[in-house]
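Just follow the structure's listing: the first ligand is 1, and inside any ligand the first atom is 1.
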Amino acid sequence: NHAKRSGDRTRFFSPSMADELYQREVLQVRFIDALARNGLSLHFQPQFCLVSGKLIGAEALCRWQDDTLGWVSPGDFIPLAEEQGLIGRLGDWVLDAACRQLERWEAQGKAFPGRLCVNVSAQQMDDPQLAEHVQRLTARVAPGRIGLELTESGLMRNPDQTVSITRALRAAGFGMAIDDFGTGYSSLTYLKRFAADTLKIDMSFVQDMLESSHDRAIVATIIAMAQTLGMRTVAEGVETHDQAEALKALGCSGVQGFYFGRPVDADSFAAHWL
Ligand code: C2E
Ligand code: MG
Ligand code: MG
Ligand code: MG
């Protein structure tokens with residue numbers, strides 16, 4: 001009675017399926033609780049200029065440590081938040097927390113250079129007022145200190161509305177990056193219209209570029225295209241010195257990855273990088 005027969009009208013739940021459902025339920029309830037009780041935190045990963053070696057900013061990455069479940073990966077709770085219609089609340093919390101952190105570092109005499117980048121989910125783009133909303137939430141800091149990252153696949157969910165939102169945000173002074181670039185299907189026409197100033201090269205290409213001439217060619221093409229369009233490139237997931245050297249030789253502007261620094265909490269970030 002534990003069989004899961006496809007094509008059969010009667011489907012039995014196997015113990016593992018029941019387990020999985022139960023786990024999801026638990027995860028969901030606990031996530032809602034974390035969101036309501038300020039149980040989330042941000043970690044920060046440095047980004048560097050490949051030419052000068054200087055810190056150019058950081059990416060803020062959401063973290064959730066549950067009392068009983070331990071650390072839950074954003075790869076698990078971000079999709080959950082999206083399914084539950086909670087990503088707007090999470091996105092608001094992240095933006096506010098990022099701005100407060102910029103203020104806190106400043107108050108500590110730790111000047112943060114460049115941009116603090118925050119991930120924006122595709123679903124947040126469903127709100128036609130998102131640009132105004134982001135401006136209200138980040139009013140405590142200058143817009144030029146905040147970068148917004150949107151995944152390439154996310155941009156194409158509702159491309160016309162996304163074009164107008166990204167243009168409004170750029171006009172207001174925010175930085176705008178296309179995340180995981182190379183894995184989505186954005187057309188070149190839209191790429192120009194999105195008004196981004198940075199392409200983040202997806203780590204899958206970066207990590208294989210020394211072994212695969214195919215991936216190296218993709219990285220080279222993305223960098224060349226960005227230069228033509230007047231955009232910066234930031235390579236994600238740089239784990240070795242050789243990858244960094246290869247990216248530099250290809251003219252990549254910025255890097256982020258474990259080789260340069262892992263995501264860490266605000267105090268560690270300040271101690272290491274500010
Ligand atoms: P992402 O925006 O592409 O962020 C980069 C991810 O790559 C992060 O994973 C980071 O820890 C990881 N990473 C950085 N350098 C390296 C490296 O050298 N090697 C490897 N293997 N990984 C590296 P993380 O923190 O687990 O986040 C995963 C994804 O979850 C993010 O991908 C982003 O899409 C999403 N996410 C995280 N925080 C937020 C958030 O606040 N809001 C939204 N909407 N999404 C978020
Ligand atoms: Mg990102
Ligand atoms: Mg990425
Ligand atoms: Mg990613």
Which atoms of ligand 1 have any heavy atom of [X] under 4.0 Å away?
X      : result
Gln207 : 19 (N), 20 (C), 21 (N)
Pro263 : 11 (O)
Asp179 : 1 (P), 2 (O), 3 (O)
Val94  : 41 (O)
Glu239 : 17 (C), 18 (O), 19 (N), 20 (C), 21 (N)

(request) Anything protein N/O/S under 2.8 Å from the Mg ion (ligand 2)? Just list residue and atom, please. (result) Glu59 OE2, Asn119 OD1, Glu149 OE1, Asp179 OD2
Record the part of [X] in heavy-atom contact with ligand 1 below 4.0 Å; permitted values are side chain, backbone, both and neither.
X      : answer
Gln256 : neither
Glu59  : side chain
Thr151 : neither
Val118 : neither

Option nearest [atom] (shortest heavy-atom distance, choices [options]):
atom                    : options                       : answer
atom 39 (C) of ligand 1 : Val206, Val255, Asp180, Ile78 : Ile78
atom 44 (N) of ligand 1 : Ser121, Ser204, Ala98         : Ser121
atom 15 (N) of ligand 1 : Glu236, His43, Gln45          : Gln45

What do you reckon, does [X] have a nitrogen or oxygen under 3.5 Å from a nitrogen or oxygen of ligand 1?
X      : value
Ser73  : no
Phe258 : yes
Cys62  : yes

Judged by modelled atom types alone, do [X] and [Y] share a side-chain donor-acceptor pair under 3.5 Å?
X      : Y      : result
Asp242 : Thr240 : no
Ser121 : Glu82  : yes
Trp93  : Asn38  : yes
Gln161 : Asp126 : no
Gln256 : Gln47  : yes
His214 : Asp208 : no
Glu239 : Gln207 : yes

(request) Walk me through it: do Asp265 and Arg63 pass the test salt bridge (Lys or Arg N to Asp or Glu O under 4.0 Å)? (result) CA-CA 10 Å; Asp265 65 40; Arg63 295 292 180 258; over 6 Å; no
(message) Can you confirm if the aromatic rings of Phe77 and Trp71 lie within a centre distance of less than 6.0 Å?
(response) no
(request) Check for a donor-acceptor pair, side chain of Ser153 on one end and backbone N or O of Gly184 on the other, with a separation under 3.5 Å. (result) no
(message) Holding to ring pair (Phe, Tyr, Trp, His ring centres under 6.0 Å), I want the full list of residues that pass it with Tyr190, two or more places apart in sequence or in another chain.
(response) Phe194
(request) Tell me, please, which residues at least two apart from Phe48 pass ring pair (Phe, Tyr, Trp, His ring centres under 6.0 Å). (result) Phe260, Trp273
(request) For the residue pair Lys200 and Glu149, establish whether any side-chain heavy-atom pair is separated by less than 4.5 Å. (result) yes
(message) Looking at Arg37, I'd like to know if its CZ atom is crowded, meaning that more than 12 non-hydrogen atoms belonging to other residues, nucleotides or ligands lie closer than 6.0 Å.
(response) no
Is ligand 1 less than 4.0 angstrom away from at least one heavy atom of [X]?
X      : result
Arg262 : no
Lys200 : no
Gly237 : yes

(request) Only counting residues at least two apart or in another chain, list the ones meeting side chain to side chain donor-acceptor pair (under 3.5 Å) with Thr162. (result) none
